[in-house]
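Step one of this worksheet: look at the structure below.
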Amino acid sequence: MNYTLTKNERLKRGDFRGTQWTKCSETKHFSLLIHKNRYEFKRIAVTIRKQVGDAVVRNRVRRLIKESYRLHKDLFVEGYDNLIKVKRVPHKIFLKEIEDELGNLLRTRKIHTSTRQ
RNA sequence: AGGGGUAGAUGGGUGGUCGCAGGUGUAAGCCUGAGGAAAGUCCGGGCAUCAAAGGGCGGAAUGGUUCUUAACGGGAACCGGGGGUAACCCCAGGGAAAGUGCCACAGAAAAUAUACCGCCUCGCUUCUUGCGGGGUAAGGGUGAAAAGGUGAGGUAAGAGCUCACCAGCGCACGGGCGACCGGGCGGCUUGGUAAACCCCAUUCGAUGCAAGGCCAAAGUGGGUGCCGCCGAGAGGCGGUAUGGAUGGCCCGUCCAAAACCCGGGUAGGCCGCACAAGAUCCAGGGCAACCUGAAUCACCAGAGGAAUGAUCACUGUCCCGCUUCCGGCGGGAUACAGAACCCGGCUUACAGCCUACCCCUUUUU
């Protein structure tokens, strides 16, 4: 188990073109969309709309989500692209809160991935 | 001591652990990694492409003067006007006798002046008085603004009708590079609005790094005007001057026409891309903005659905409470905000703390 997040694990511009995303689950602030990729490993991307907050808040939320992914990689499934959409900004932007909500997001997801495989 | 004005600085620190991006290195590792505003995208430039980026019309911007600068709508000094006891601050600050338009409500009248009340006078009538004609902008009332202001003379009552001073206009003189200032003379006078159209002067080609250049999977070939005649067709001969580009339009200019010519270009990658109007410091010039010269520094952010993060410990600053001999303990606060080609400005946001100079008031001497 490694706690890294390299460039290959991030989605690039071409990965968004014509991709059919499947919405798996959703919490108060986030929603999770996944898509089977053609690699052996998992990848992640975070999207936040400009209307959600200013650049400082958006940066902080994205970094904390990436940090949570890095520390809990085992919760994600291999061979899938994960797109986390931030619908609105939580009141408390701390690592603990983001980790907890992301845990909830992934726990409610399980059914969908099993049916796809 | 209190209140105020101007200019500026700072934008928490140290260490550990887990990570990210770039550079370097065979590797281990080492080095570097957001801001004063990175923001708003409001101006100006560099750079790049567009057919030479040419002329005219249109359009846009600017608007006291002189400087400064790569350039500016920025900055400096000065002039004029306004505000403040003062330090100081604010001003799109050219033209209203080139023309057109507008000036709500109120008011008699809002621009070739006008007569509602009042004042004076004449006629008729008459007990008081009333009616009609004429003169009058001194007074009343309205308004943001009422046809120069104040005073004296003058008059039937009045009026730049006359005179003095003031304001404004014109003329020459003196001073200043200039905006303008000063005193003098003249005739006595022409409302405001140009961030209404407009006029004048000056400036501006367009588009922005998603500019643009190079390589290039996949997929796929493309172009060669029109008319007439001949010919089965391929094609040939002759004629016509058209088609396309110029990004608001026109002129002008350029490109293409018979046998072959050539690829263009998506995904993706590389470059553009950080040595630049560079930073620090010194000397000289200038009231200042700024300029000139010398020295030193250099891997010093370079991402791309977008790195610069997370967490722990100690600690700095400020506030509150408790305790109190220095002091200690507990709690809280620590802003605005995130590079996206790069610079020079402007504007806006900003917790706390600090510095310099200046002004006013009070007290003491």
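Letters A, B, ... mirror the listed sequences (proteins, then strands); counts begin at 1.
Pair assignment for B:G228 gives B:C237, based on Watson-Crick or G-U wobble hydrogen-bonding distances that are each under 3.5 Å. Here B:C131 sits opposite B:G123 as a Watson-Crick or G-U wobble pair (both hydrogen-bonding atom distances under 3.5 Å). Under the Watson-Crick and G-U wobble criteria, each requiring two contacts below 3.5 Å, nucleotide B:U280 is paired to B:A295. Under the Watson-Crick and G-U wobble criteria, each requiring two contacts below 3.5 Å, nucleotide B:A196 is paired to B:U100. Pair assignment for B:U363 gives none, since no Watson-Crick or G-U wobble pairing has each distance under 3.5 Å. Both distances falling under 3.5 Å, in either a Watson-Crick or a G-U wobble arrangement, place B:U136 opposite B:G118. Within the shown strands, B:G186 is the pairing partner of B:C169 under the Watson-Crick or G-U definition, both distances less than 3.5 Å. Taking a pair to require two hydrogen-bonding distances under 3.5 Å in either a Watson-Crick or a G-U wobble arrangement, B:U348 remains unpaired.
The line from SG of A:Cys24 to CG of A:Leu106 is 9.5 Å long, rounded to the nearest 0.5 Å. The line from CG of A:Asn37 to CG of A:Asp81 is 4.0 Å long, rounded to the nearest 0.5 Å.
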Name the atoms and distances for all side-chain donor-acceptor pairs under 3.5 Å in residues 47-58 of chain A, with sequence neighbours left out.
from, atom 1, to, atom 2, distance (Å)
A:Asp54, OD1, A:Val57, N, 3.1
A:Arg58, NE, A:Gly53, O, 2.9

At a cut-off of 3.5 Å, list every protein nitrogen or oxygen paired with a nitrogen or oxygen from nucleotides 306-308 of chain B, distance to 0.1 Å.
from, atom 1, to, atom 2, distance (Å)
B:U308, OP2, A:Arg63, NE, 2.7
B:U308, OP2, A:Arg63, NH2, 3.2

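The distance from atom CD of A:Glu9 to atom P of B:G19 is 12 Å, rounded to the nearest whole Å. Regarding A:Glu67, its CD atom lies at a distance of 15 Å from the C1' atom of B:A21, rounded to whole Å. In this structure, OH of A:Tyr69 is placed 15 Å from C1' of B:G305, rounded to the nearest angstrom. When rounded to the nearest whole Å, the span between CD1 of A:Ile65 and C1' of B:G309 equals 14 Å. Rounded to whole Å, atom C1' of B:G305 lies 14 Å from atom NZ of A:Lys50. The interatomic distance linking A:Arg58 (CZ) with B:A303 (P) rounds to 21 Å, in whole Å. Taking atom CG of A:Leu71 as the reference point, atom P of B:A310 lies 13 Å away to the nearest angstrom. The separation between A:Asp54 atom CG and B:A339 atom C1' is 16 Å, rounded to whole Å.
Looking at which nucleotide of RNA chain B each of A:Val57 and A:Leu95 is closest to, the 5′-most match is held by A:Leu95. Both A:Ala55 and A:Lys96 lie close to RNA chain B; mapped to their nearest nucleotides by heavy-atom distance, the more 5′-ward contact belongs to A:Lys96.
For the P atoms, the distance from B:G176 to B:A76 is 28 Å, rounded to whole Å. The same atom, P, is picked in B:C169 and in B:A38; the two are 48 Å apart, to the nearest Å. Between B:G192 and B:A113, the two C1' atoms lie 16 Å apart (nearest whole Å). Atom C1' of B:A137 sits at a distance of 11 Å from the matching atom of B:C119, rounded to the whole Å. Distance check on atom P: B:G101 versus B:A108 gives 27 Å, rounded to whole Å. For B:G293 and B:C198, the P atoms lie 49 Å apart once the distance is rounded to whole Å. For the C1' atoms, the distance from B:A289 to B:A339 is 31 Å, rounded to whole Å. Only the C1' atoms considered, B:U68 is 14 Å distant from B:A277, to the nearest whole Å.
A cation-pi arrangement, defined by a distance under 6.0 Å to the six-membered ring centre and an angle within 45 degrees of its axis, is absent between A:Lys42 and A:Tyr80.
A salt bridge does not link A:Glu9 to A:Arg43: none of the charged side-chain nitrogens sits closer than 4.0 Å to a carboxylate oxygen. Under a 4.0 Å N-O distance rule, the pair A:Glu26/A:Lys87 qualifies as a salt bridge.
In this structure, A:Phe30 has no ring-ring contact (aromatic ring centres under 6.0 Å, His included) partners at least two apart in sequence or on a different chain.
B:A77 has its base anti relative to the sugar, with a glycosidic angle deviating from 0 by more than 90°. In textbook terms, a nucleotide whose glycosidic angle is within 90° of 0 is syn, and B:G36 is one such case. Base orientation of B:G269: anti, since the glycosidic angle falls outside 90° of 0. In this structure, B:A274 is classed as syn because its glycosidic torsion stays within 90° of zero. A syn base is found at B:A34: its glycosidic angle is within 90° of 0.
Residue A:Arg70 places no side-chain N or O under 4.0 Å from the OP1 or OP2 atom of B:G309.
Here the shortest heavy-atom pairing between A:Glu101 and A:Lys28 reads OE2-N, 3.6 Å. Closest heavy-atom contact between A:Leu102 and A:Ile65: CD2-O, 4.3 Å.
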Task: side chain to side chain donor-acceptor pair (under 3.5 Å) between A:Glu99 and A:Ser68, worked out - done: CA-CA 6 Å; A:Glu99 270 180 333; A:Ser68 305; 5.0 Å; no
